[in-house]
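Notes follow the structure.
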2 protein chains.
Amino acid sequence: MGALSPRCTALIRQNAGMLELAILGFLYDTPLHGYELRKRISALTGHVRPVAESTLYPAIKRLEKAGLLVRATEPGAVAAPRHVLSLTDEGRIELRRRLTEPDERDITDENRWFTVLAFLRHLDDAPAQAAVLRRRLAFLEEPASFFYDGDRALRAEELDDPFRRGVLTIARATSRAELRWLRATLESLDG
Amino acid sequence: MGALSPRCTALIRQNAGMLELAILGFLYDTPLHGYELRKRISALTGHVRPVAESTLYPAIKRLEKAGLLVRATEPGAVAAPRHVLSLTDEGRIELRRRLTEPDERDITDENRWFTVLAFLRHLDDAPAQAAVLRRRLAFLEEPASFFYDGDRALRAEELDDPFRRGVLTIARATSRAELRWLRATLESLDG
DNA sequence: ACTCGATACATCGGTTCCGATGTATTGTCG
DNA sequence: CGACAATACATCGGAACCGATGTATCGAGT
């Protein structure tokens with residue numbers, strides 16, 4: 001686990017999209033070409049937010065430019081020649097960094113959070129994994145209110161709007177389910 | 001409910017962010033100045049995804065340019081002069097249009113969906129509201145898989161990765177809770 | 001022979017997003 | 001009296017996103 005090169009530290013920035021995290025996460029297991037990568041990312045998050053090719057290929061280029069992955073051109077087995085992508089050592093370090101210190105948005109936005117969870121096993125260090133789960137736990141434990149009367153948060157029962165009541169109902173049910181899972185998983189990580 | 005002006009139809013585009021929807025939604029009730037608008041949007045979605053001022057003000061400008069809202073400068077009651085924003089008739093039509101025909105992403109992405117729900121009462125037409133809920137119902141009813149072994153979707157029990165298992169567990173619990181609410185609400189809208 | 005769909009990659013241009021930064025005023029706390 | 005937070009708006013530049021479009025190959029159907 002050496003230090004990051006200047007090229008790499010230059011890449012450490014806020015708001016590094018969840019797309020990049022997914023690319024790094026999938027390539028951590030095994031080298032893949034772009035098309036296959038796209039299929040896997042689509043399976044993971046595509047039902048919520050489809051991955052445009054015109055978003056994926058520039059993202060791959062960014063990561064290549066940052067020295068996190070390399071391309072090897074292979075003659076096409078089926079069709080056009082493939083660019084097989086594999087992570088560099090720096091790419092592997094960077095993935096672990098992004099998993100260890102996720103951006104605040106990675107914690108609060110469910111889509112991003114699921115992407116973190118999908119690859120968290122790569123951290124391979126139970127205390128570090130537990131620390132990430134605890135950040136999510138802290139976020140879910142502070143009461144989130146959606147609607148206010150002035151400064152006072154409104155409870156579901158106080159809303160006559162059935163749709164806004166739905167937002168609160170669903171958010172609470174979701175939160176309860178995840179809290180249960182988080183506490184159980186933390187227990188088994190700590191124990 | 002007249003036809004939309006050319007300026008307005010030009011604005012009908014894909015991927016019209018949920019920020020614009022929130023602006024239109026809040027102003028539908030009452031005129032507000034930008035700063036107050038920001039506080040309300042922050043309460044609604046800020047815990048997941050904070051609203052940068054540098055995103056809000058350009059969005060207001062876009063909507064103004066499109067003829068959906070107008071600004072009136074008021075001498076500042078407390079501090080700097082305020083720009084009180086109010087929807088035009090076209091703005092009101094456009095909000096109802098966006099609520100009646102939400103973008104596919106507004107249905108699939110929970111953050112966007114919650115924004116739709118937060119303002120769906122403005123539609124003021126039970127069958128139209130029910131139609132929107134049914135789109136979400138259809139989306140949640142088709143089984144979503146996150147992880148695959150080749151083409152075969154993996155069930156929670158098949159994963160040894162506790163974090164990926166968590167993704168499936170949480171997604172299912174969330175889905176069940178929302179389906180319950182959707183079915184109950186549809187029944188009361190239809191009945 | 002022709003079309004079509006899947007594989008595989010790429011660019012262009014427009015929109016949106018957002019961190020950093022700047023301006024100005026008022027009220028509050030020490 | 002000075003620092004500081006809150007109110008209130010705005011711009012700039014860079015990054016990210018994405019629809020449209022283009023290129024090319026291969027196999028299956030018709």
Side-chain angles (χ1 to χ4, degrees), chain A residues 10-23 31-42 45-46 48-66 69 71-85 103-106 109 111-112 151, chain B residues 10-23 31-42 45-46 48-66 71-85 103-105 109 111-112 151:
Chain A
L11 181 128
I12 296 175
R13 63 195 186 285
Q14 321 286 44
N15 202 24
M18 72 174 180
L19 178 58
E20 292 184 6
L21 184 62
I23 296 172
L32 295 169
H33 56 275
Y35 200 78
E36 175 62 25
L37 194 51
R38 182 168 176 256
K39 283 200 292 186
R40 302 210 183 182
I41 296 172
S42 287
T45 56
V48 169
R49 190 188 176 77
V51 196
E53 295 197 344
S54 51
T55 308
L56 178 63
Y57 289 112
I60 290 171
K61 271 197 177 170
R62 282 201 300 278
L63 295 176
E64 190 192 17
K65 206 172 160 191
L69 58 81
R71 291 199 242 198
T73 306
E74 255 187 19
V78 184
R82 297 164 159 188
H83 289 184
V84 176
L85 313 169
D103 192 291
E104 185 59 19
R105 277 239 224 331
D106 292 332
D109 188 326
N111 301 150
R112 285 164 167 265
D151 274 342
Chain B
L11 181 129
I12 296 175
R13 61 197 187 287
Q14 321 286 44
N15 202 25
M18 72 174 180
L19 178 58
E20 292 184 6
L21 184 62
I23 294 171
L32 295 168
H33 56 275
Y35 199 78
E36 175 61 26
L37 194 51
R38 181 167 176 257
K39 281 201 294 186
R40 301 211 184 181
I41 297 173
S42 288
T45 56
V48 170
R49 189 187 175 76
V51 196
E53 295 197 342
S54 53
T55 308
L56 178 62
Y57 288 110
I60 290 170
K61 272 197 178 171
R62 283 201 300 277
L63 296 176
E64 189 192 17
K65 207 173 160 190
R71 289 199 240 198
T73 306
E74 254 186 23
V78 184
R82 296 164 160 185
H83 290 184
V84 176
L85 313 168
D103 193 291
E104 184 60 18
R105 278 239 224 333
D109 187 326
N111 301 152
R112 283 162 168 266
D151 274 340

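The figures here come from the full heavy-atom set of this structure, side chains too, leaving out hydrogens, waters and symmetry mates. Because the structure is predicted, anything quoted here is derived from the model rather than measured. Below, chains carry the letters A, B, ... as their sequence lines are ordered, and counting in each starts from 1.
With rounding to whole Å, Ile60(A) atom CD1 is found 14 Å from dA16(D) atom P. Rounded to whole angstrom, the span from the CG atom of Asn111(A) across to the P atom of dA16(D) amounts to 18 Å. As rounded to whole Å, 8 Å separates atom P of dA8(C) from atom CD of Glu36(A). One atom, CZ of Arg82(A), and another, P of dC9(C), lie 8 Å apart when rounded to the nearest Å. One can place CG of Leu56(A) at 14 Å from C1' of dT11(C), the figure rounded to the nearest angstrom. Spacing between atom CG of Leu19(A) and atom C1' of dA15(D) amounts to 13 Å, rounded to whole angstrom units. As rounded to whole Å, 14 Å separates atom C1' of dC17(D) from atom CG of Asp103(B). Taking atom CG of residue Leu32(B) and atom P of nucleotide dT7(D), one finds them 15 Å apart after rounding to whole Å.
Nearest nucleotide to the Lys61(B) side chain, out of dT11(D), dG19(C), dC17(C): dT11(D). Checking dA8(D), dC17(C), dT11(C) against every side-chain atom of Arg49(B), the shortest atom distance belongs to dC17(C). The side chain of His33(B) has dA8(D) as its nearest neighbour among dA8(C), dA8(D), dC18(C). Closest to the Glu53(A) side chain, of the nucleotides dA10(D), dG19(C), dA10(C), is dA10(C). Between dA10(D), dC9(D), dC17(D), one nucleotide has an atom nearer to the side chain of Arg71(B) than all others, and that is dA10(D).
An OP1 or OP2 oxygen of dC9(C) is reached within less than 4.0 angstrom by no side-chain nitrogen or oxygen of His83(A). The shortest distance between the side-chain N/O atoms of Tyr57(A) and the OP1/OP2 oxygens of dA10(C) is not below 4.0 Å. Within the structure, every side-chain polar atom (N or O) of Arg62(A) is placed at least 4.0 Å from both OP1 and OP2 of dA15(D). Between dC18(D) and Thr55(A), a contact under 4.0 Å exists linking OP1 or OP2 to a side-chain N or O. At the phosphate of dA8(C), neither OP1 nor OP2 sits under 4.0 Å from any side-chain N or O atom of Lys39(A).
Looking at heavy-atom distances under 4.0 Å, Arg38(A) makes no contact with the nucleic acid at all.
Formation of a donor-acceptor pair under 3.5 Å by the Arg38(B) side chain with backbone atoms of Val51(B) is found in this model.
For the pair Arg71(A) and Arg82(A), the minimum side-chain heavy-atom distance is 4.5 Å or more. Leu19(B) has its side chain within reach of Thr55(B): a pair of non-hydrogen atoms, C-beta onward, lies under 4.5 Å apart.
Rounding to the nearest 0.5 Å gives a distance of 11.5 Å between NE2 of His83(A) and NE2 of His33(A). Rounded to the nearest 0.5 angstrom, Arg49(A) CZ and Met18(A) CE are separated by 5.5 Å.
The nearest heavy atom of DNA chain D to Gly34(B) and to Pro58(A) marks one nucleotide each, and the one closer to the 5' end goes with Gly34(B).
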